[in-house]
Amino acid sequence: MSEARVYVRGDPQLLLALLRVSFVSVLLLVIGELAGPFVVTVLHLPVQDMPLILAPAGLGLVLGGLVMPSLMQRLGKSRTIALGSLCTAAGLVLIPLGRFLWSRLALPAPGVLFYVGSVTFVLGIALDMVNIPAQTVMQQQTPEEERGRVFSFLSMQFKAGSLPVLLFAGVIADTLGFHTGRSLLAATMLGFTWLAPRHSHRSVAS
């Protein structure tokens, strides 16, 4: 693990790609863990309706995987990742904002389910726009003889990052509220998009 860490830190593009893949994996874990309580507590729907929200996200992930090669060809990997990060942050803000406006305007209840499903569909595509180009960079930047070691290091980093999520995500959501929690996730996504490239360059310089 120590040798893999030294190797990854020596390549800024590889380090940045690894940070992005790890972050998206942890973000998906957060969304999956909070989806059930969000449906019951915020949308006031039975937990059996949770697939109506998660299914569009899964469909977006599948569709995003299909269109991503052509999209990366047109935009390039860096622009695709940046656009995906912005869309992810926007989607995380639009979910609580839409629910708030729905209740204020007294619109029909089934409409909010369609609205949230549409946003999660876009979120699925947006997460692919970050994850797939970053994984592509990891494959391209890693020699075949080092690939197993680097991807094992990625797996270890994801597990280390997921531990606090599993322990504290529910408590944080209960304490701050789901709307605040989603807004914090969006702010974290934007902050990570801005800080990750700088962190990779600082790591190489040190």
Side-chain angles (χ1 to χ4, degrees), residues 4-5 7-32 53-95 116-159 161-162 165 182 185-205:
R5 180 173 173 271
Y7 180 82
V8 169
R9 287 184 63 184
D11 188 329
Q13 287 188 335
L14 178 59
L15 174 61
L16 182 55
L18 188 142
L19 289 173
R20 282 168 168 160
V21 172
S22 299
F23 184 81
V24 168
S25 300
V26 173
L27 184 61
L28 282 169
L29 186 64
V30 173
I31 293 172
I53 292 176
L54 293 183
L59 184 61
L61 286 168
V62 173
L63 181 62
L66 293 175
V67 303
M68 212 48 55
S70 58
L71 188 63
M72 283 191 294
Q73 266 192 335
R74 293 188 176 186
L75 297 180
K77 298 184 191 70
S78 298
R79 289 181 182 176
T80 302
I81 291 172
L83 182 59
S85 299
L86 292 174
C87 289
T88 300
L92 291 171
V93 170
L94 285 173
I95 290 177
V116 174
S118 301
V119 175
T120 58
F121 173 76
V122 175
L123 268 176
I125 298 176
L127 288 170
D128 269 345
M129 293 173 70
V130 179
N131 192 40
I132 292 177
Q135 291 220 28
T136 303
V137 171
M138 286 186 65
Q139 294 279 355
Q140 291 175 340
Q141 293 293 118
T142 309
E144 188 174 347
E145 62 273 12
E146 294 288 343
R147 201 164 290 160
R149 184 179 297 181
V150 168
F151 276 84
S152 296
F153 183 71
L154 168 64
S155 176
M156 185 199 70
Q157 185 166 290
F158 164 67
K159 289 174 182 176
S162 64
V165 171
R182 294 275 177 169
L185 277 178
T188 303
M189 186 71 191
L190 290 175
F192 177 81
T193 302
W194 183 73
L195 287 174
R198 289 159 179 77
H199 173 74
S200 66
H201 290 307
R202 280 201 304 268
S203 297
V204 174

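Here the structure is a predicted model, which means the values were calculated and not measured. We count residues from 1, following the sequence as given.
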*Taking all atoms of both residues into account, what is the closest heavy-atom pair of Asn131 and Val24, and its distance?*
CB-CG1, 4.1 Å

*Enter the distance from Leu83:CG to Leu71:CG here, rounded to the nearest 0.5 Å.*
7.5 Å

*Of all heavy-atom pairs between Ala126 and Thr88, which one has the smallest distance, and what is that distance?*
CB-OG1, 3.4 Å

*Closest heavy-atom contact between Thr80 and Pro133?*
CG2-CG, 3.9 Å

*Find the distance between CG (Leu94) and SG (Cys87) and round it off to the nearest 0.5 Å.*
10.0 Å

*Partner residues of Arg79 under the salt bridge (Lys or Arg N to Asp or Glu O under 4.0 Å) criterion, sequence neighbours left out*: none

_Nearest heavy-atom neighbours spanning Ala134 and Arg20_ = CB-CB, 4.0 Å

*About how many Å separate NZ of Lys77 and CE of Met129, when rounded to the nearest 0.5 Å?*
14.0 Å

*asked:* Could you measure the distance from the CG atom of Leu63 to the CZ atom of Phe121? Nearest 0.5 Å is fine.
replied: 5.0 Å

*From CE (Met72) to CD1 (Ile81), nearest 0.5 Å*: 9.0 Å

_Taking side chain to side chain contact (heavy atoms under 4.5 Å, CB included) as the definition, give me every residue that meets it alongside Gln141, ordered by chain and number, with sequence neighbours left out._
Asp11, Gln13, Leu14, Val137

*How many angstroms lie between atom CG of Leu127 and atom CD1 of Ile132, to the nearest 0.5 angstrom?*
10.5 Å

_With a 4.5 Å cut-off on side-chain heavy atoms, are Met68 and Thr136 touching?_
no

*Kindly give the heavy-atom pair with the smallest separation between Val130 and Gly84, and that separation in Å.*
CG2-C, 3.7 Å

